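Worksheet: one structure, shown below.
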Amino acid sequence: MRDAFRAPSGTHDVLFPESARWETLVAAFSSLVGRAGYGLVISPMFEDERVFLRGIGAGSDVASKEMYSFEDRGARRLALRPEGTASVVRAFVQHRPASVWKAWYVTPAFRYERPQAARYRQHHQLGIEAIGSEDPDLDVEVIALAAQFYRHVGLESVELRLNSMGCAQCRPGFERSLFEWLEANAAQLCPEHSQRWSANPLRVLDCKNELCLGATAQAPQICDALCTDCDRHFARVKEGLDSLRVAYLSAPRLVRGFDYYTRTTFEFSSPSLAAAQNGVGGGGRYDGLAEALGGPAAPAVGFGIGIERLLLACDAQDSFPVPEDRMDVFVIDLTGGRVARELTHELRNAGVRADRAFDERSLKAQMRAADRSGAKLAVIVGPSEQEAGKAVVRQMMPRLREESDARRDDAQELVDSDAVVERVLEMLRR
RNA sequence: GUGGUCGUAGCUCAGUUGGUUAGAGCACCAGGUUGUGGCCCUGGAGGUCGGGGGUUCGAGUCCCCUCGGCCACCCCA
């Protein structure tokens, strides 16, 4: 086995029954955002590399050192998507649908980084984007939908942190004053940031190190630097959240990793996960992105949720369990397999979940398989039933949890083979 | 990219100061029950001890290299 292949580093397989959780998760998301008018967008998993470089910013960590970039056979520079938003906005820019355009997606996202707990080279995200309006109520709708989804999967305690990053009018001035402050006070920062802060000054605000936290308490804050329009917008977002009773924490230091964010930004974190990976989702407004990708001015807002992180948080709170997956009927054939082949086919045709054993195994082995399948009924056909044109329909008792020696319940009956499907349907109905 | 840590059966792990054909539990398969699942009993299959090199009469055990997993930092979901 030593030379058996394995999944590439940082990737993982989701096998059943775990994958059934993913199915129900996506279905629940689709239903929630569908009710709010969001439609599914399926776009290519890779794009012209510049879509991401211009979107999330060539200087950001994700773009500068984590992109899965490659050249195809036609010498085009392409990249696997590192996040969901840029692709959706590229699709908007290309097709110019009527706005407000409300889209949702579920997609893998690729980032080349060293794998660790809850951090993958391929992870998966669910998200929505609402493109074509700067109405603060749209921010409120987007955030409220995310909050509703967390509640739906049983995460009662996720924390929402909220900030405004300003706009093209007010942000540059703030960045300048922050830069000046850092030049004067770098010595007080944590060892990491006292050396290298100039690449992305905003990051320093988000540092969790105590030295940085203490020092930057005196640093300029974005919320004091917002222009009148941004200030008003932010206030109306908060009012809207209040009116919907969506709880949030003002987080003046919150800085997200992508350059495209303007005005509203937010993150959701789960207190039941370790701090290094407790971010279960986030998003914000990106009023300049459509233009940056060559399209019309189209203010927009959206969020993304990491599926792996979300499920991890659910595990920590024993919520959103793997759904039960049981067969209805298991067909046991001791006469060579023809009955099993034809009867499972007929049963499935009639809408019944039906399975069978292969390889002509013993009755005992087939009964064990029936038990494992969770089937409520077993249909048993041996030589004598076959000769009489009959079949045994047996009620399978559910596995008992503790009692070691379960009492046998021989609830089974002999049915004409023509009537098996009908009888099975009848028994399943009760 | 930097650092730490761990690699023995499908899974979880034992394996004495280096010493015969490397073990257990769970899972799997078969039989006990000549046609009835779970519980029980008996048996079976399954390992080049991650790989390579070295030390030694002898290496799962000691040394070196390498690959892989996990975790942390940076950053993120």
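Proteins get letters first, then strands, A, B, ... in listed order; numbering begins at 1 in each. Computed from a predicted structure; not experimentally measured.
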Base, sugar-phosphate or nothing for [X]? Non-hydrogen atoms, less than 4.0 Å.
{"X": "A:Gly281", "result": "sugar-phosphate"}
{"X": "A:Arg361", "result": "sugar-phosphate"}
{"X": "A:Ala109", "result": "nothing"}
{"X": "A:Phe268", "result": "nothing"}

Heavy-atom closest contact ([X] atom, [Y] atom, distance):
{"X": "A:Val142", "Y": "A:Ala130", "answer": "CG2-CB, 4.3 Å"}
{"X": "A:Pro252", "Y": "A:Gln221", "answer": "CB-OE1, 3.6 Å"}
{"X": "A:Ile332", "Y": "A:Ala378", "answer": "CD1-CB, 4.4 Å"}

Nearest whole Å is fine: how far is [N] [atom2] from [X] [atom1]?
{"X": "A:Glu360", "N": "B:A30", "atom1": "CD", "atom2": "P", "answer": "14 Å"}
{"X": "A:Leu414", "N": "B:U36", "atom1": "CG", "atom2": "C1'", "answer": "14 Å"}
{"X": "A:Arg161", "N": "B:A77", "atom1": "CZ", "atom2": "C1'", "answer": "14 Å"}
{"X": "A:Gln386", "N": "B:G35", "atom1": "CD", "atom2": "P", "answer": "15 Å"}
{"X": "A:Trp22", "N": "B:A77", "atom1": "CH2", "atom2": "C1'", "answer": "11 Å"}
{"X": "A:Leu254", "N": "B:A77", "atom1": "CG", "atom2": "P", "answer": "11 Å"}
{"X": "A:Gln366", "N": "B:G37", "atom1": "CD", "atom2": "P", "answer": "12 Å"}
{"X": "A:Met367", "N": "B:U36", "atom1": "CE", "atom2": "C1'", "answer": "4 Å"}

side-chain hydrogen bond (donor to acceptor under 3.5 Å, both in side chains) evaluation trace for A:Arg81 with A:Ser87: CA-CA 8 Å; A:Arg81 71 161 58 121; A:Ser87 308; 3.2 Å; yes
Atom [atom1], compared across [N] and [M]: separation rounded to whole Å:
{"N": "B:C74", "M": "B:G47", "atom1": "C1'", "result": "40 Å"}
{"N": "B:C62", "M": "B:A14", "atom1": "P", "result": "15 Å"}
{"N": "B:C71", "M": "B:C29", "atom1": "P", "result": "32 Å"}
{"N": "B:U12", "M": "B:U21", "atom1": "C1'", "result": "26 Å"}
{"N": "B:A24", "M": "B:C67", "atom1": "C1'", "result": "29 Å"}
{"N": "B:G7", "M": "B:U61", "atom1": "C1'", "result": "14 Å"}
{"N": "B:C63", "M": "B:U17", "atom1": "P", "result": "15 Å"}
{"N": "B:G15", "M": "B:A77", "atom1": "P", "result": "43 Å"}

Donor-acceptor pair, side chain of A:Gln366 and main chain of A:Asp333, under 3.5 angstrom: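 Yes: the side chain of A:Gln366 pairs with the backbone of A:Asp333.
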What about [X], does its side chain sit under 3.5 Å from the base of [N] through a donor-acceptor pair?
{"X": "A:Gln412", "N": "B:U36", "value": "yes"}
{"X": "A:Lys364", "N": "B:G38", "value": "no"}
{"X": "A:Glu113", "N": "B:A77", "value": "yes"}

Of all the nucleotides listed ([options]), which has the minimum atom distance to the side chain of [X]?
{"X": "A:Tyr112", "options": "B:G35, B:G38, B:G1", "value": "B:G1"}
{"X": "A:Arg394", "options": "B:G37, B:A77, B:C29", "value": "B:G37"}
{"X": "A:Glu385", "options": "B:C75, B:G35, B:A77", "value": "B:G35"}
{"X": "A:Val392", "options": "B:G38, B:A77, B:U36", "value": "B:U36"}
{"X": "A:Ala365", "options": "B:G37, B:A30, B:G35", "value": "B:A30"}
{"X": "A:Ser384", "options": "B:G37, B:G35, B:C75", "value": "B:G35"}
{"X": "A:Arg372", "options": "B:C29, B:G1, B:C75", "value": "B:C29"}

5'-most by nearest nucleotide on RNA chain B - A:Tyr120 or A:Ala375: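 The 5'-side residue here is A:Ala375.
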Given RNA chain B, 5'-ward residue of the pair A:Ala369 and A:Gln122, judged by closest heavy atom: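 Final value for this comparison: A:Ala369.
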Pair assignment for RNA chain B - dot-bracket with | for other-strand partners, Watson-Crick or G-U under 3.5 Å: (((((((..((((.....[...)))).(((((.......))))).....(((((..]....))))))))))))....
Electrostatic pair A:Glu18:A:Arg21 at N-O distance under 4.0 angstrom: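 So A:Glu18 pairs with A:Arg21 through a salt bridge.
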SB check A:Arg285 A:Asp139 (cutoff 4.0 Å):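 Salt bridge flag = yes for A:Asp139 with A:Arg285.
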Contact under 4.0 Å: A:Arg119 side-chain N or O vs B:C74 OP1/OP2: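 No, because none of the side-chain N or O atoms of A:Arg119 sits under 4.0 Å from OP1 or OP2 of B:C74.
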Test: A:Arg263 cationic atom under 6.0 Å from A:Phe234 six-membered ring centre, within 45° of axis: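 No, cation not above the ring by the 6.0 Å, 45° rule.
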Plane angle bin for A:Tyr68 and A:Phe110 - parallel if under 30°, tilted between 30 and 60°, otherwise perpendicular: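 Ring orientation, 0 to 90° scale: perpendicular.
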Parallel, tilted or perpendicular, as decided by the 30° and 60° cut-offs, for the rings of A:Phe258 and A:Tyr261: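 The arrangement is parallel - the two ring planes meet at less than 30°.
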Would you give me the side-chain donor-acceptor pairs under 3.5 Å for residues 147-154 of chain A, sequence neighbours excluded?
residue: A:Tyr150; atom: OH; partner: A:Val280; partner atom: O; Å: 3.1

Polar contact flag, side-chain donor to acceptor under 3.5 angstrom, A:Glu141-A:Tyr38: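 A donor-acceptor contact under 3.5 Å links the two side chains.
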Sugar-phosphate or base contact per nucleotide [nucleotides 65-71 of chain B; S, B, -; heavy atom under 4.0 Å]: ----S-B
